Number of protein chains: 2
Amino acid sequence: SGGSGGTMASESEAQRALQYEQTLMYGRYTQDLGTFAKDEAARLRLQEGDTPQPRRPSELLEYTQGRCGPCRVCALQCQRFLISKVGEDWVFLILLGLVMALVSWAMDFAIATCLQAQKWMYGGLDTNVLLQYMAWVTYPTVLITFSAGFTQILAPQAVGSGIPEMKTILRGVVLKEYLTLKTFVAKVIGLTCALGSGMPLGKEGPFVHIASMCAALLSRFLSLFGGFYENEARNIEMLAAACAVGVGCCFAAPIGGVLFSIEVTSTFFAVRNYWRGFFAATFSAFIFRVLAVWNKDEETITALFKTRFRLDFPFDLQELPAFAVIGIASGFGGALFVYLNRKIVQFMRRQKAINRFLMKKRLLFPALVTLIISTLTFPPGFGQFMAGQLTQKDTLVTLFDNQTWAKQGINDEFEYLGILEAWLHPRSNVFVTLVVFILMKFWMSALATTIPVPCGAFMPVFVIGAAFGRLVGESMAAWFPDGIHTDSNIYRIVPGGYAVVGAAALSGAVTHTVSTAVIVFELTGQISHILPVMIAVILANAVAQSLQPSLYDSIIRIKKLPYLPELGWGHHEKYNVRVEDIMVRDIRYVTLNCKYRDLQQVLHSTKMKNLPLVESAESMILLGSIERAQVGALLSAQLSPQRRLLTLRQKVLPEDGHQLSDSSIRFQISTETSSGTPARAALRKPLKPALKRVSSSPADSPPAGSPDHTGIALKSLFCANAATEPTEAQGTAYHKAKRVRISIVEEMILGDKMTPTEILEWEEQQLDQLVDFSSAKIDPAPFQLVEHTSLHKTHTIFSLLGLDHAFVTSIGRLVGMVSLKELRKAIEGSLTGKGVKVRPPLASFRDSTASTSEADTTALRQLWDRHQHHHMPREAGP
Amino acid sequence: SGGSGGTMASESEAQRALQYEQTLMYGRYTQDLGTFAKDEAARLRLQEGDTPQPRRPSELLEYTQGRCGPCRVCALQCQRFLISKVGEDWVFLILLGLVMALVSWAMDFAIATCLQAQKWMYGGLDTNVLLQYMAWVTYPTVLITFSAGFTQILAPQAVGSGIPEMKTILRGVVLKEYLTLKTFVAKVIGLTCALGSGMPLGKEGPFVHIASMCAALLSRFLSLFGGFYENEARNIEMLAAACAVGVGCCFAAPIGGVLFSIEVTSTFFAVRNYWRGFFAATFSAFIFRVLAVWNKDEETITALFKTRFRLDFPFDLQELPAFAVIGIASGFGGALFVYLNRKIVQFMRRQKAINRFLMKKRLLFPALVTLIISTLTFPPGFGQFMAGQLTQKDTLVTLFDNQTWAKQGINDEFEYLGILEAWLHPRSNVFVTLVVFILMKFWMSALATTIPVPCGAFMPVFVIGAAFGRLVGESMAAWFPDGIHTDSNIYRIVPGGYAVVGAAALSGAVTHTVSTAVIVFELTGQISHILPVMIAVILANAVAQSLQPSLYDSIIRIKKLPYLPELGWGHHEKYNVRVEDIMVRDIRYVTLNCKYRDLQQVLHSTKMKNLPLVESAESMILLGSIERAQVGALLSAQLSPQRRLLTLRQKVLPEDGHQLSDSSIRFQISTETSSGTPARAALRKPLKPALKRVSSSPADSPPAGSPDHTGIALKSLFCANAATEPTEAQGTAYHKAKRVRISIVEEMILGDKMTPTEILEWEEQQLDQLVDFSSAKIDPAPFQLVEHTSLHKTHTIFSLLGLDHAFVTSIGRLVGMVSLKELRKAIEGSLTGKGVKVRPPLASFRDSTASTSEADTTALRQLWDRHQHHHMPREAGP
């Protein structure tokens with residue numbers, strides 16, 4: 001598996017490789033698509049040509065004969081109109097927005113009910129602290145355990161945030177089972193339970209995933225009405241819009257949702273998809289908020305966490321350094337959070353003893369974590385020092401509060417009313433509570449997000465950030481009781497504004513996004529703090545990005561999904577490393593005039609998923625690329641028992657057999673130095689007994705590409721690989737071949753007249769034939785780069801086109817290959833200062849002098865000379 | 001000129017073609033770059049290797065010997081550190097932000113002063129209406145005329161908005177003189193005068209251009225300190241950031257600025273460039289607003305047009321239909337504005353008589369338009385019905401006003417104070433004033449933006465939108481005096497909110513952007529109307545996009561800049577048209593074993609800018625592409641007098657001449673059917689007398705690629721073209737050749753021993769030689785598509801990579817070519833329902849059966865057979 005498969009080293013990676021399949025934007029130009037499209041088009045055109053006109057009147061007649069005929073005709077027409085409209089993008093987007101708003105609202109309602117129930121239980125048992133503790137701890141433990149178990153059983157793909165997976169999917173990789181109904185159900189129910197438990201978990205990431213699943217299911221449902229939804233390019237566009245809807249209806253933040261989803265899931269964004277996201281997210285947010293009005297929660301549509309800061313003088317210029325401090329500290333905090341989260345996961349994986357134990361009892365880890373966290377937040381216990389009784393939503397509402405908590409003067413004594421009371425401890429002060437809250441929640445959130453339930457980390461981090469901002473704000477308010485501004489009016493410091501800034505900065509640092517600023521404005525309904533928020537978010541991003549990858553990239557790396565690291569900022573080396581420095585030069589290839597034995601050898605010697613097809617070994621002119629599976633299919637078709645039986649029959653009837661074999665068997669003395677046949681020793685390995693009987697369908701046509709019947713010679717192929725385990729996607733083909741082989745052995749015993757020795761001989765003979773590529777799918781335009789392409793440009797092209805490999809050519813000749821793996825190594829090497837050798841920056845590209853490189857000239861000359869050589873004899877001949 | 005040049009049909013287009021040069025992201029892989037990079041790298045590595053260590057101590061010594069040695073050492077180190085930091089992206093962005101904020105603020109100040117001066121003059125002359133009128137009309141006329149004249153003389157490129165040009169430049173096309181200091185000065189001064197005149201003109205578009213010029217100049221300036229700024233990819237990234245800065249510091253709207261600039265200038269946006277825009281725009285907006293505080297205009301940093309709508313109940317759910325109506329009406333209005341603007345330009349161009357007159361007196365048109373507009377807005381005249389005395393800024397402030405203008409009740413009598421007075425007319429009411437204002441301003445703005453001065457249309461449109469929104473709002477307020485909500489509290493309707501919605505909707509409709517919503521929030525400092533604004537903007541966009549292109553795209557089309565139309569929404573055909581339906585099949589190519597005569601013929605027969613290089617006419621395997629200019633250079637090098645003289649000398653000294661000529665002159669009998677030599681009749685045309693003597697430098701090496709010396713045979717080339725005029729970029733090469741030819745004639749007379757007949761013979765002989773490509777620059781990996789690529793995918797790839805042509809190949813064989821022109825035709829054809837034949841939608845791509853298309857198989861077979869054919873004799877030979 002050369003492309004993305006080549007990046008897989010360990011076994012776990014290899015197993016994961018079986019789960020996905022690369023569907024490149026670029027690499028999809030296989031011939032069969034075009035052919036299929038042609039056939040399909042012809043078929044549909046035919047249909048169009050004769051069916052609709054004659055059919056319609058008859059249908060209408062049928063209805064008009066009834067009593068309420070006109071009505072029915074009208075209804076039919078309406079129905080047809082609707083069906084034709086179903087194909088429109090906006091219908092899909094409205095439906096998606098509507099469904100997601102309903103899901104979001106229903107989930108919010110269920111979560112609120114769950115939390116209410118816990119509060120009610122806790123409140124009702126206030127006579128006995130032990131009972132209270134039991135209720136407080138048991139309730140979330142049960143919910144989390146249920147959530148973990150339910151997800152595990154129904155769809156393990158639903159675990160976690162989902163944003164890393166969506167990023168991978170939008171890159172063009174198909175992750176199996178990630179967008180199915182089962183996963184949808186598991187994610188919705190699992191998430192509701194997980195959030196209902198009151199653990200510090202978020203719903204943003206999962207909502208992105210849920211919206212994507214919703215879009216995938218909806219498009220599958222709507223495709224019943226028409227074929228529009230089966231276009232892959234369109235589906236990817238819709239998935240991108242769905243991600244925006246996910247964030248949008250989660251926070252009622254359409255603009256922030258669109259921007260956040262772009263920043264988090266894309267590397268290059270098509271501006272023409274922009275409106276899709278805005279349209280769907282706005283509609284979704286609108287419905288989501290209208291539902292709240294309809295439910296009498298709100299009087300009209302307002303922000304989710306509405307703030308009421310003063311408008312006329314939101315902040316003083318001299319407060320800006322404090323905001324900058326929040327930004328920088330949040331940057332470090334965000335990086336620390338990502339680091340901590342990763343270390344916890346890695347620790348859990350490394351500890352074999354713990355791991356084995358937890359693997360056996362999968363639900364123990366979630367239960368244990370929940371137990372610890374809920375014990376610590378128990379309000380009469382340690383929870384009293386960290387506002388433990390507040391739910392996440394209440395915490396945010398209090399943190400964004402308009403008043404100043406720290407005591408400012410005698411006449412200004414501030415009464416803690418309602419839920420604000422939680423922050424006040426009689427024997428301590430607000431600062432202590434806030435510091436304890438921040439410290440405890442920090443590790444709790446990092447730990448809780450590693451639980452295998454559907455959950456995100458955005459909201460917990462957002463809350464921690466708000467608390468940190470509040471802490472700074474309260475400190476400032478205590479330091480400058482009458483504000484900094486010393487003119488006529490007294491403008492007190494607004495600690496709530498600091499909380500808003502802190503929330504945006506920390507969540508921006510963890511996710512490496514700037515759009516948290518916009519989310520914050522939409523969440524609070526106020527934009528007056530725009531400059532402090534922007535400054536803090538940018539500083540936080542600058543610090544966090546230079547220390548750690550984003551949380552989502554970190555998860556992608558942990559999960560070993562295929563990815564391309566971002567180019568850091570300000571690294572000039574990326575312009576000076578070139579493809580020739582990083583490419584793999586020694587690659588295997590298939591030539592147009594090769595023999596089946598060569599194919600076999602190539603399959604032996606490389607794991608590349610796509611093999612380059614070159615004109616000949618001397619010219620090395622790249623003609624296209626051929627999938628590994630296709631090569632396997634060619635080989636197995638050549639050695640199939642059918643063909644053997646045909647040969648057998650030809651031997652019996654030699655007169656017409658001669659005609660048949662003449663066209664297919666050709667001998668050619670190759671100029672290539674044959675690199676020795678593979679060790680035949682493997683053939684002597686004992687065959688394993690047949691475990692399963694495969695129903696072999698001899699009617700299958702070989703061009704279908706599935707390795708249905710293979711010969712003994714293929715044995716060497718997988719026997720040689722047996723030691724290293726067929727670890728990649730190709731492995732399945734081998735396994736199939738293995739099973740099939742057994743059926744062949746049976747067949748041999750039953751009907752085949754040839755002895756194994758004869759078969760071997762026959763196969764050896766077959767392997768010496770020239771390959772007939774006419775039945776193979778060849779990608780006629782694989783992506784090509786040249787040696788001098790800079791790393792920066794290569795990175796851009798790979799992320800633009802979602803490539804996972806590219807061939808490096810020089811005037812048509814294949815000289816090497818670059819895959820994601822090499823690129824990743826190069827980038828990470830150049831970022832850490834080692835690895836690839838770095839060239840000093842180039843002067844202008846434009847004003848370069850026109851001297852051809854020596855090597856290229858020589859190569860061109862060779863090609864040219866070869867041509868002369870070729871033509872001369874031909875001219876002399878006739 | 002095949003690529004973008006091929007899209008040029010008329011003469012004016014062709015002339016424009018001379019002004020730009022395509023610098024494709026993809027097409028830049030010419031060999032020389034790599035070579036140059038290598039040499040440069042080697043040079044710099046050498047420098048690095050030996051210079052710094054020994055040099056530094058000596059330099060330090062020099063300083064330490066002085067009295068304040070340590071200080072100097074320190075200063076030197078600081079300086080070095082600074083210089084090394086100058087290369088960092090953030091330093092550049094901060095500098096850019098700072099400079100732009102200063103420019104923006106200074107311009108605002110100058111504009112305000114200009115407007116103040118007009119008001120003062122107008123106010124001071126209130127005794128005499130005629131004098132007042134004279135002052136009111138003369139002042140703007142003088143300013144606009146000066147602006148137009150100044151721009152015309154200094155840099156005509158500064159005229160207009162600049163966003164269309166920036167969009168083209170960011171697509172990879174180099175527009176000459178668009179980013180120079182001269183244009184910068186012309187634009188800044190011209191814009192200040194134009195806006196100072198009080199005409200309905202905007203500053204947003206020009207600011208995008210100014211910021212881009214600023215970035216280009218800054219990077220050129222900073223490149224004095226290091227080579228970092230000479231990388232083109234980086235400069236493009238910085239230009240994208242600069243566009244964001246332009247909008248950001250114009251409106252103090254960093255987020256909206258970034259989003260608007262992305263929507264307006266990009267088709268695909270690299271998310272990794274996102275932070276650059278945010279960083280620079282935030283810094284710029286911050287400095288811009290800090291300057292206002294420093295100037296005591298403001299107490300602290302607030303929004304530019306701060307509104308004070310109530311927060312608790314911004315709008316009622318039942319008002320949403322009214323907002324939707326604003327959106328839809330704005331959509332129609334926006335489309336009408338674009339249409340009107342284009343029609344005015346086209347009318348002015350078509351009217352030959354007017355045109356000729358105006359061309360002679362270039363300043364008459366601006367003066368005339370200004371005269372008409374300022375006459376109509378004269379406050380004591382018609383201006384009293386349309387708030388003529390208000391400046392654009394005052395108009396906006398009043399329109400966003402918190403109060404309701406329409407009389408609501410007796411106890412609620414509203415006093416028109418200050419500038420609000422302008423909207424009240426004693427003999428009419430607010431509604432009439434608003435309607436007149438909207439109608440008059442609409443055509444005035446559409447007309448004024450066609451004046452050849454630096455100006456944008458965003459602000460005028462924004463103001464009209466606000467007025468329209470206000471009109472709807474006031475109507476609603478009159479209709480529901482106590483608000484719609486009938487619960488306990490009375491929430492009156494806020495017409496100011498409607499004005500905000502209208503402004504966002506109309507400007508969004510004209511520019512086809514959604515981000516005007518964000519700009520509006522940042523401008524007003526309130527986000528409470530987010531849902532109405534979003535709904536209206538999306539509806540306005542939906543309507544406008546289906547009726548007209550955006551204003552910027554309309555200008556691009558008028559100016560005939562190279563562009564790629566956007567794929568509309570919901571057009572399913574784009575998935576079903578394929579490259580083979582639109583590609584040009586009959587293309588000229590260069591073969592590896594062709595003769596110089598063939599090159600000459602190819603140059604004759606096609607205008608393509610890039611010629612494909614194929615292996616041979618039979619195989620048609622694409623090896624690379626070669627620029628037209630390179631082919632010309634090859635040809636002229638072959639026929640150069642130097643070579644002729646060399647041949648002459650060889651004749652004189654045949655013993656060593658034999659050795660020399662042997663390597664370069666080879667004969668080969670081609671298998672191609674030679675398609676006849678071009679008509680030699682052209683040769684007999686009389687030569688024009690020498691006009692200029694060109695200093696010919698015989699020392700120039702031929703590989704340098706410039707057509708320095710050419711022979712007589714080239715004559716036929718440009719003589720044949722003389723009738724049709726050498727209309728494209730290549731034309732310059734011909735002209736050069738023409739001039740050079742004359743110098744050759746002189747040389748002939750002076751020193752050449754050959755008669756013209758001999759020369760012709762010699763040249764004929766030379767033309768029969770095989771081409772030696774080793775000195776030509778060949779792009780070894782031109783972009784390739786396959787026939788089955790869908791139009792949608794092709795469009796994506798073209799806009800992603802900024803291509804202007806791509807070769808269509810099938811398993812290495814060249815089968816056709818697609819350029820921007822074909823793509824444009826196909827898209828516009830499919831959008832208007834004619835042109836390209838449309839296939840019905842395909843079913844799934846995924847589940848397609850694996851049958852190879854007939855044609856491909858045949859082709860592959862041919863290639864294969866040919867190979868057998870080739871190899872056989874070789875094997876038999878030795």
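Letters A, B, ... mirror the listed sequences (proteins, then strands); counts begin at 1. If you're wondering where the values come from, they're calculated on a predicted model, not measured in any experiment.
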(request) Measure the shortest side-chain to side-chain distance between A:F278 and B:I538 over non-hydrogen atoms and say whether it is less than 4.5 angstrom. (result) yes
(request) With a 4.5 Å cut-off on heavy-atom pairs, point out which of B:E522, B:K306, B:M534 contacts chain A the most. (result) B:M534
(request) Specify which of B:V258, B:V537, B:L531, B:L622 makes the most heavy-atom pairs with chain A at under 4.5 Å. (result) B:L531
(message) Quick check: do A:Q526 and B:Q526 have side-chain heavy atoms less than 4.5 Å from each other?
(response) no
(request) Please report the shortest heavy-atom distance between B:V271 and A:E263, naming the atom on each side. (result) CG1-CA, 3.9 Å
(request) Check each atom of A:F283 against the heavy atoms of chain B and say whether the ones under 4.5 Å are side chain, backbone, both or neither. (result) neither
(request) Pick out which of A:L259, A:I262, A:T513 makes a side chain to side chain contact (heavy atoms under 4.5 Å, CB included) with B:Y274. (result) A:L259
(message) Do A:I535 and B:F286 have side chains that approach each other closer than 4.5 Å (heavy atoms only, starting at C-beta)?
(response) yes
(request) Give, as side chain, backbone, both or neither, the part of B:T524 having an atom under 4.5 angstrom from any heavy atom of chain A. (result) neither
(message) Just verifying a value: how many Å separate A:R289 CZ and B:L317 CG, rounded to the nearest 0.5 Å?
(response) 10.5 Å
(request) Identify which part of A:I255 has an atom lying under 4.5 Å from any heavy atom of chain B, answering side chain, backbone, both or neither. (result) side chain
